[in-house]
Number of protein chains: 2
Amino acid sequence: MLLLTEIEKVIPVPKEMEEAIRKKFTELHCLKTERLQQAGKIARNLFFIEKGLARIFYHNHTGKDVTYGFYTESDFVTVPESFYTQSASKYSMEMLEDGLVYSISYKDLKQLLSNFPQMQHLENKTLQSFLLKASERIVALQFQTASQRYNSLMKKQPSIIMRAPLGAIASYLGITQETLSRIRNRK
Amino acid sequence: MLLLTEIEKVIPVPKEMEEAIRKKFTELHCLKTERLQQAGKIARNLFFIEKGLARIFYHNHTGKDVTYGFYTESDFVTVPESFYTQSASKYSMEMLEDGLVYSISYKDLKQLLSNFPQMQHLENKTLQSFLLKASERIVALQFQTASQRYNSLMKKQPSIIMRAPLGAIASYLGITQETLSRIRNRK
DNA sequence: GTTTTCTTTTGATATGGATCAAAAAGTGAT
DNA sequence: ATCACTTTTTGATCCATATCAAAAGAAAAC
């Protein structure tokens, strides 16, 4: 179980904690295109991807669908600003492949955290890694060209490029499908 | 003291905690252009801006100076990925005005957090607000035009526009000085 | 006040990427 | 296989923004 392995990387997991985790996280078999989060609704759950690929996206002012991020094996995912404040999300989340994810509700997570305070450390780490990724994106979007960003993505998450549809990747990079297609087919 | 007021917004601050906070946070009178953080060094301190304006910036591959973010009254600031992992920072931080900031070292913060575990909540909240801001930046950089981004900044942090030099604002928005100057002087 | 230095503005030109349109390739259902 | 639908590629044109260069304005130093 990847989930436990990942947690153990951050904090020691005694037997009782392991059991509590197994109890609170629900196994979810998901199909491609399945929505794990709807824009306008509160993000009630934190997910962990055991297998598969998901993306968070939103519709911008012109109605175009823009990918905020991709998430895959070993990633925790949620819409943080919705989940942590339990307020409506501006983003949706969908599976891009069939997969297996573990899900825990906000309430259950809070309970787990109060029963096992060491787990706060995990929450912190997760937030930190969200933030780190976000910072990198900002830096990339600020002053790199489209193809530099494409190349970085290819280095950092090559599987995304193989697995996600071109349109979703393009909007993630801040460019149109057409431009991405052209970038691919030269050099 | 703004620092305490801000903390009280998130958690109750009993007398002993207040005293501990006053003891651990050092008052720092800063001059314009002063560096509170150097790229290449570990971010040893978390700062709270009581008065003044600061920015975090980095030098990109072409050697150009790019503003990552602006921070002003009531803001906590540090280079999170350096501070939380105590590893070398890619970013520098400088004051853009004379000001007053409170500073706490990583070690002292950890100690404060273990003496007053409720403060973990504060750390979490701070991380969340860093993340929220970062998400908004990404969305803006992904698919808004330069002048849309300028207008949003004007709405959200009008004081930045009055107080920061144009070059620093331009790179923050992901555009050149010249373009920003032109955006300003039309419409 | 004059000189030096830094910051902002203005101008001319070049270019990366958007947009619109349509063809080609791929995927799925019947 | 065939038809309908989705995704990707290719082409032509246009525009926002970069780049390079230099003038104008403001702030700091003498």
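The CG atom of A:Leu180 sits 15 Å away from the P atom of D:dT7 (whole-angstrom rounding). The interatomic distance linking B:Ile161 (CD1) with C:dT8 (C1') rounds to 15 Å, in whole Å. As rounded to whole Å, 13 Å separates atom P of C:dT7 from atom CD1 of B:Ile169. Taking atom CG of B:Leu173 as the reference point, atom P of D:dT17 lies 11 Å away to the nearest angstrom. Computed from coordinates, the B:Tyr150 OH to D:dT17 P distance equals 14 Å when rounded to whole Å. The CZ atom of B:Arg184 sits 21 Å away from the P atom of D:dA24 (whole-angstrom rounding). Rounded to whole angstrom, the span from the CD atom of A:Glu178 across to the P atom of C:dA23 amounts to 16 Å. Taking atom CD1 of A:Ile183 as the reference point, atom C1' of C:dA18 lies 12 Å away to the nearest angstrom.
With hydrogens and angles left out, the side-chain atoms of B:Thr179 and B:Thr176 include a donor and acceptor closer than 3.5 Å. Inspection of the B:Tyr91 and B:Ser82 side chains reveals no N or O donor paired with an N or O acceptor under 3.5 Å. No side-chain donor-acceptor contact under 3.5 Å links A:Tyr106 and A:Gln111. Using modelled atom types, one finds a donor on one side chain and an acceptor on the other under 3.5 Å when comparing B:His29 with B:Glu27. With no hydrogens or angles considered, no side-chain donor-acceptor pair links A:Ser103 and A:Thr26 at under 3.5 Å.
Residue A:Lys64 places at least one side-chain N or O under 4.0 Å from the OP1 or OP2 atom of C:dT19. Remark: B:Thr176 is not in phosphate contact with D:dT17, judged by side-chain N or O atoms under 4.0 Å from OP1 or OP2. Under 4.0 angstrom from either OP1 or OP2 of C:dA18 there lies at least one side-chain N or O belonging to A:Thr179.
Picking from C:dT9, D:dT10, D:dT8 the nucleotide with the shortest atom distance to the side chain of B:Asn185 gives C:dT9.
The nearest heavy atom of DNA chain C to B:Leu166 and to B:Arg182 marks one nucleotide each, and the one closer to the 5' end goes with B:Leu166. Between B:Lys32 and B:Ala146, the one whose closest nucleotide on DNA chain D sits nearer the 5' end is B:Ala146.
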